[in-house]
Amino acid sequence: MKIGSMAKKAIVKAGLQLMRINFIMDIFLRWGEKQILKTLVVKNERNRPIGSQEEKYFVVKNLMQAFEKKLKTGYLAPTVKKWVFNTLIGDVILNWAEKHPEAAARRNREDALPTFMAISPTQKCNLACIGCYAASSKKTAATLDWDILDAVIDQKRKLWGSYFTVISGGEPLLYESKGKTILDLFEKYNDNFFLMYTNGTLIDNSMAKRFAQLGNVAPAISVEGFEEDTDFRRGKGVYGKILKAIDSLRSAGVLYGISFTATRSNVDNILGDAFIDEFFGPKGASFAWMFQYLPIGRGPDFDLMITPEQRRKLWFKERHLIKEKGVFFVDFWNGGPISDGCICAGRKGGYMYLDWHGNVMPCVFVPYTVGNVKTDFFDKGKTLNDILETPFFRRLREWQSSYSYKKKAHDVGNEIVPCPIRDHHDEFHRIAKETKAVPVGESAAKSFNDMEYVRELTEVGKKVREMTEDIWRQEYLKV
């Protein structure tokens, strides 16, 4: 096929323009990386453990480079690029302090100021995964009223200057209330960025194109490894549906990532190079979040929980991914140094959680509530800020501060084990009991009153602390 002279000129012009854009972008991103290194590692104004600061730098750099790769290869849909540069960077980030002076003042005082909220708007799910923390299935139908969901997003934006929202479930794509779906929420709050955990089975070409049109949502698709492990936990045929969903997202130019749960049976395979290379290579994932199975939710089972020995081995695998393979990867427990420890209960830079009934909890994995957001707070003229000041939330933040968050580098507690409910369960149990936090659901209530459960989870936490203390001291404290 011959190409005419006009077409050749157009191609050359487009190529030169692309080269200029990439050149400018290279300069900007390299400058950004240097500034992040300077802020986190060189200055380290909060005097955090130097190893933690280095790890933060690698994680942020990996995310920037993943986004850069998508831009340079022309992968991203135009609406996604426009939202990132015009809305996220141009409007939200650069003008945040000016738009939210009260929140900026609270941030400077290190008061409780969540960066985001995690919300599970519905317990409905088309799957019934083994050990599901939410105990979701086709039989669970609880759904948060649209007006409450709407009010929560509006308040967190106005009170905290929060423009990041995590949507979980159940399966969020099954949410429906008053004729509204979760897509209506994404559209109404287009200045928010939504990270949506989904099993992926409801994402087809049409849904992926809708995500691309919105520009402000990134699905995190739940996968447990390759086909055998995924189908074992999530159901026969699910892995195949996930692959189709990924093809649809890639074709539409949507940023997406993966999430997975480490259990005793899959932990030795889940972070293998073959799995990571496949999903971050040909399949085009940009990020990965990992949960470690915690015995809460449907049928709590200590035999599914990874052993202390496995958790130690897992740490080395994770550092390999972050520092050698350049993957944006976060483990919500072993990755504690990246976030300066536990981020629950509305800590500065942290979050709180709201479920499908309106129960307010400090964390997705802490099934203990301080009340219902509607009946106990909104209907009484209270706001999200009042939730932050409940005794349970305050005591958890005090524990965070005394263990690691407000400590100087040499006094910071081992943040590889940052979680009060998982890694320090005896202390958590005491705080929950003294502040009269209410267990949510039959399973949580049973566990709360089962002293054998309390002792067993406490003992596991102690063993993990003992097995990772040398890593903490050598790799993070550098002593």
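In terms of modelled atom types and a separation under 3.5 Å, the side chain of Y75 and the main chain of V254 share a donor-acceptor contact. Using modelled atom types, no side-chain atom of R394 and backbone atom of L388 make a donor-acceptor pair closer than 3.5 Å. Side-chain N or O atoms of Q53 include none that pairs as donor or acceptor with a backbone N or O of R48 at under 3.5 Å. Y403 places no side-chain N or O within 3.5 Å of a backbone atom of G341 that could act as its donor or acceptor partner. Checked by atom type and distance alone, the side chain of R422 pairs as donor or acceptor with a backbone atom of Q292 at under 3.5 Å. No donor-acceptor distance shorter than 3.5 angstrom exists from the side chain of T87 to the backbone of V84, with no hydrogens or angles considered. Although no hydrogens or angles enter the test, the distance criterion places no donor-acceptor pair under 3.5 Å between the side chain of N266 and the main chain of A262. With hydrogens and angles disregarded, a donor-acceptor distance shorter than 3.5 Å links the side chain of Q310 to the backbone of T307. Formation of a donor-acceptor pair under 3.5 Å by the N216 side chain with backbone atoms of F193 is not found in this model.
Between W315 and T468, the closest side-chain pair of non-hydrogen atoms is not below 4.5 Å. F291 is not listed as a side-chain neighbour of F260, based on a closest heavy-atom distance of 4.5 Å or more. Within the 4.5 Å cutoff, no side-chain heavy atoms of K241 are placed close to those of L202. Looking at W289 and L195, their side chains come closer than 4.5 Å, going by heavy atoms from C-beta outward. Within the 4.5 Å cutoff, no side-chain heavy atoms of P418 are placed close to those of S404. Residues C344 and L396 have side chains in contact (heavy-atom distance under 4.5 Å, counting atoms from C-beta outward). T201 places a side-chain heavy atom less than 4.5 Å from the side chain of V238.
Between Q213 and T79, the side chains place no donor N or O within less than 3.5 Å of an acceptor N or O (distance only, hydrogens not considered). Side chains of N47 and H410: a donor-acceptor N/O pair is absent below 3.5 angstrom, by distance only. Remark: the Y163 side chain and the T115 side chain contain no N/O donor-acceptor pair separated by less than 3.5 Å. Residues S402 and K407 have side chains that never bring a donor and an acceptor to within less than 3.5 angstrom of each other. One side chain, K156 or S162, offers a donor N or O that lies under 3.5 Å from an acceptor on the other. Between the side chains of E415 and W472, no donor-acceptor pair is found at a separation under 3.5 Å. N192 and R157 are not linked by any side-chain donor-acceptor pair at a separation below 3.5 angstrom, with hydrogens and angles left out of the test. Checked by atom type, the side-chain pair T198/E171 shows a donor-acceptor distance below 3.5 Å.
Scanning both residues, G170 and C125, for their nearest heavy atoms gives CA-CB, 4.2 Å.
More than 12 heavy atoms of other residues, nucleotides or ligands lie within 6.0 Å of NZ in K478, so this atom counts as buried by the packing criterion. Atom NZ of K209 has 12 or fewer heavy atoms from other residues, nucleotides or ligands within 6.0 Å. At most 12 heavy atoms of other shown residues, nucleotides or ligands fall within 6.0 angstrom of atom NZ in K34. For K463, the NZ atom is loosely surrounded, since the number of other residues' heavy atoms within 6.0 Å does not exceed 12. Within a 6.0 Å sphere centred on NZ of K325, other residues, nucleotides and ligands contribute more than 12 heavy atoms.
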Inset, instruction - Go through K406 and E398 one step at a time and tell me if the salt bridge (charged side-chain N to carboxylate O under 4.0 Å, His left out) criterion holds. - result: CA-CA 10 Å; K406 290 188 177 180; E398 289 170 3; over 6 Å; no

Inset, instruction - Before giving the answer on ring pair (Phe, Tyr, Trp, His ring centres under 6.0 Å), spell out for Y351 and W160 the whole-Å C-alpha distance, their side-chain angles and the decisive distance to 0.1 Å. - result: CA-CA 11 Å; Y351 85 115; W160 307 332; over 10 Å; no

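In summary, the aromatic rings of Y453 and F302 are positioned with their centroids under 6.0 Å apart.
The cationic group of K70 does not satisfy the cation-pi geometry with F67, failing either the under 6.0 Å distance to the six-membered ring centre or the 45° limit from the ring axis. The side-chain tip of R347 points at the ring of Y405 from less than 6.0 angstrom away and within 45° of straight on.
Under the ring-ring contact (aromatic ring centres under 6.0 Å, His included) test applied with Y368, the options Y353, F393, F428 reduce to a single match, F428.
Note on R46 versus D340: salt bridge recorded, some NZ/NE/NH1/NH2 to OD/OE distance being below 4.0 Å.
Residues satisfying the salt bridge (charged side-chain N to carboxylate O under 4.0 Å, His left out) test with E55, not counting sequence neighbours, are R319.
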